[in-house]
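Predicted, not measured: the structure shown is a model, and the values here were computed from it.
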There are 2 protein chains.
Amino acid sequence: MTSERGKKLSDEPALRADAQKNRELILSAAEELFLEKGAGVPLEEVAKRAGVGIGTLYRRFPTREALLAATSNERFLSLAETSRARDPDLTPGDAIRAYLEELARNTSTYQSLAASIGTVIQCGTPGCNAITAEGHRLLQRGQEAGTIRRDVTYEDFIYVVTAISIAMENDRSSKSRIGHLVDLFLNGINVKGSE
Amino acid sequence: MTSERGKKLSDEPALRADAQKNRELILSAAEELFLEKGAGVPLEEVAKRAGVGIGTLYRRFPTREALLAATSNERFLSLAETSRARDPDLTPGDAIRAYLEELARNTSTYQSLAASIGTVIQCGTPGCNAITAEGHRLLQRGQEAGTIRRDVTYEDFIYVVTAISIAMENDRSSKSRIGHLVDLFLNGINVKGSE
DNA sequence: TTATAATACGGAGGAAGCCTCCACTTGACA
DNA sequence: TGTCAAGTGGAGGCTTCCTCCGTATTATAA
């Protein structure tokens, strides 16, 4: 729903040592449980596994999305980094293909994350910012090269990732369909039906 | 989640008069509240507005999805009917475009319906069956005409409708983007980038 | 009609989650 | 070592879900 909370910009006053430790306990408990039971796992269960009170969890991560963004932070950073690194070797279209496939695969890491990935990705963590910036960059590059339709927006990327991730959730066996679905979209956004 | 419940096939033993009346009271209360407050409205509130007990509501509609499918029944029937009727006047691609746009618009009728439309549409009501059959028909027609890629499935239609509807919910201003997003998808599933 | 059996009703109540609030504890720093 | 801002935790209030079962109503057979 909302997404204006969970500001994780670096104007933060630096955590006290114990708080920092708890933050990390919460993050690894959350990571475990999201993997085991999906993004909808009761937050009380996360707090319990982390060995902290529920109040502590909520103070640090005011929303579930903030916690999801935090546990995804490193994956997002590395995804953006990888994308930037391989960029010179690929055509604009192939770079976008790789980006979308990885983002979709990533979103399928936690069951039930799909529907909220659009919100999560706006949480303002370094990872979220990096991945968003990289997406914009790839899109712009593709459009400047004249191979991507001008009316495509970055939001379209997110919609596609959402659709694909939902598909993955409904049919676990279809991991291989990520490529197929990205393909359809790419075929759609190309200026000419190249492929 | 599950979707095996809520069988609405006509092997039902016919409702008693009072039960039939209550069923209708529930349906109109639900329709009102879904419109006012979205598909996530508390079912107890629906029961209250209908003037029946919560137990009665659950006996008639074992899941929220069953209730959603029931309130959508007539819209689905008419959507399928309309699609069938205009079919001869349109190319296969345009018929699919119209179908997807209307289904997406329809799904945006109730706020928060998007995420579960895939489940709702499998509930087995006459409307659900009609709309599913029509989608399969359109897809097959397009593929036989050679204008739609062979590797596209009906599930792809549902994923796209889901993603578009989620997009609508996240960004109220983008009602007009339905056409754009359907367009990208269609451009993608065409054998050649026709358009 | 009336009796009776199958249907249906309704809402109390237990379970689960969410999130806030605040009395108490602890770390940082002078 | 004293001070106090920062941090803690979990009780408790709230919402929603859904089941269960004693009571009530309808259909039908006699």
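In terms of position along DNA chain D, the nucleotide closest to A:Ala19 lies nearer the 5' end than the nucleotide closest to the other residue of the pair A:Ala19 and B:Tyr58.
When all heavy atoms are compared, the tightest approach of B:Arg149 to A:Asp183 is NH2-OD2, 3.5 Å.
Atom pair B:Leu57:CG and D:dC18:P shows a separation of 11 Å (rounding to whole Å applied). Distance B:Phe61 CZ to D:dC18 P: 15 Å, rounded to the nearest Å. Distance A:Arg59 CZ to D:dA5 P: 16 Å, rounded to the nearest Å.
Residues A:Tyr159 and B:Leu184 are not in side-chain contact: their nearest non-hydrogen atoms beyond the backbone lie 4.5 Å or more apart. Residues A:Thr162 and A:Thr107 fail the side-chain proximity criterion, which asks for heavy atoms closer than 4.5 Å.
The main-chain N or O of A:Val41 is found under 3.5 Å from a side-chain atom of A:Arg64 such that the two form a donor-acceptor pair. The backbone N or O of A:Arg84 sits nowhere less than 3.5 Å from a side-chain atom of A:Arg137 that would complete a donor-acceptor pair.
Salt bridge B:Arg105/B:Glu101: present, at least one basic N to carboxylate O contact under 4.0 Å.
Of the residues in residues 43-55 of chain B, those placing a heavy atom less than 4.0 Å from an atom of DNA chain D are B:Leu43, B:Glu44, B:Ile54, in numerical order.
Between the base of D:dA6 and the side chain of A:Arg16 there is a donor-acceptor pair shorter than 3.5 Å.
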